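These notes are about the structure you will find just below.
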Amino acid sequence: MKALPFLSKEDPEIPDSYSVSFLYVNGKKEDFELAQHQLNPSLGVMEFVTSEDLWNWVPLSSLQRLTFDKRFSKLMEIKTKSKEETQP
């Protein structure tokens with residue numbers, strides 16, 4: 001059985017995944033459970049991998065708004081805290 005993608009866990013507080021809602025300029029809305037994402041401005045897309053191992057690209061020009069859940073906020077809090085601890 002193939003392992004599904006999840007966030008790497010150096011810290012046990014890191015969530016396995018997080019949710020994002022895409023609101024498109026045409027009014028359509030989609031929700032995804034993500035294992036990872038990144039903006040690729042050179043291609044003009046948001047690249048992401050769902051927790052079900054589906055790889056996606058969404059053109060930035062088609063997005064009106066992105067909304068991340070509280071698990072993503074927790075991930076950013078942990079990342080910021082870790083970064084502060086490693087700086088001199």
Side-chain angles (χ1 to χ4, degrees):
M1 181 174 182
K2 182 174 155 185
L4 296 176
F6 292 103
L7 298 172
S8 61
K9 289 199 161 213
E10 299 92 28
D11 183 327
E13 293 292 313
I14 293 175
D16 288 331
S17 58
Y18 51 95
S19 295
V20 64
S21 293
F22 291 85
L23 179 61
Y24 298 98
V25 293
N26 67 3
K28 182 179 175 184
K29 183 181 175 196
E30 288 186 299
D31 299 314
F32 294 97
E33 190 73 15
L34 303 186
Q36 66 182 22
H37 81 278
Q38 70 178 14
L39 295 178
N40 188 329
S42 64
L43 294 177
V45 298
M46 178 173 170
E47 304 170 342
F48 63 95
V49 181
T50 69
S51 58
E52 296 171 342
D53 200 18
L54 299 174
W55 293 71
N56 299 270
W57 284 12
V58 173
L60 296 174
S61 61
S62 69
L63 294 174
Q64 180 176 342
R65 184 178 65 220
L66 295 173
T67 305
F68 293 89
D69 71 356
K70 291 180 181 182
R71 290 174 291 163
F72 185 73
S73 298
K74 181 68 174 175
L75 179 61
M76 292 294 95
E77 176 188 333
I78 292 167
K79 184 177 180 178
T80 302
K81 187 177 179 181
S82 175
K83 193 176 194 179
E84 289 171 354
E85 291 172 355
T86 59
Q87 291 181 347

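Remember, predicted model here, so these are calculated numbers, not experimental data.
In this structure, the separation between CZ on F48 and CG on L66 is 9.5 Å, given to the nearest 0.5 Å.
Proximity of M76 to F68: side-chain heavy atoms (C-beta onward) are nowhere separated by under 4.5 Å. The shortest side-chain heavy-atom distance between V58 and E30 does not fall under the 4.5 Å cut-off. In this structure the side chain of L43 reaches within 4.5 angstrom of the side chain of W57, judged on heavy atoms. Within the 4.5 Å cutoff, side-chain heavy atoms of E85 are placed close to those of K81. Between T50 and E33 the shortest side-chain heavy-atom distance does not fall below 4.5 Å. When side chains are defined from C-beta on, Y18 counts as touching L75, because their heavy atoms get closer than 4.5 Å.
A single hydrophobic cluster is not seen to contain both V49 and V45; linkage of ILVMFWY side chains at heavy-atom distances under 4.5 Å, directly or through other members, places them apart. Cluster annotation: L63 is connected to F32 through the hydrophobic network of ILVMFWY side chains, with a link wherever side-chain heavy atoms come within less than 4.5 Å. Both L39 and L34 are members of a single hydrophobic cluster when ILVMFWY side chains are connected at heavy-atom separations under 4.5 Å.
Under the rule for a ring pair (Phe, Tyr, Trp, His ring centres under 6.0 Å), Y24 has no partner lying at least two apart in sequence or in another chain.
Residues P15 and R71 share a closest heavy-atom pair of CG-O, 3.4 Å. Across all non-hydrogen atoms, the minimal contact from N26 to K28 is OD1-N, 2.9 Å.
Put simply, the side chain of S82 never gets that close to the backbone of I78: no donor and acceptor are under 3.5 Å apart.
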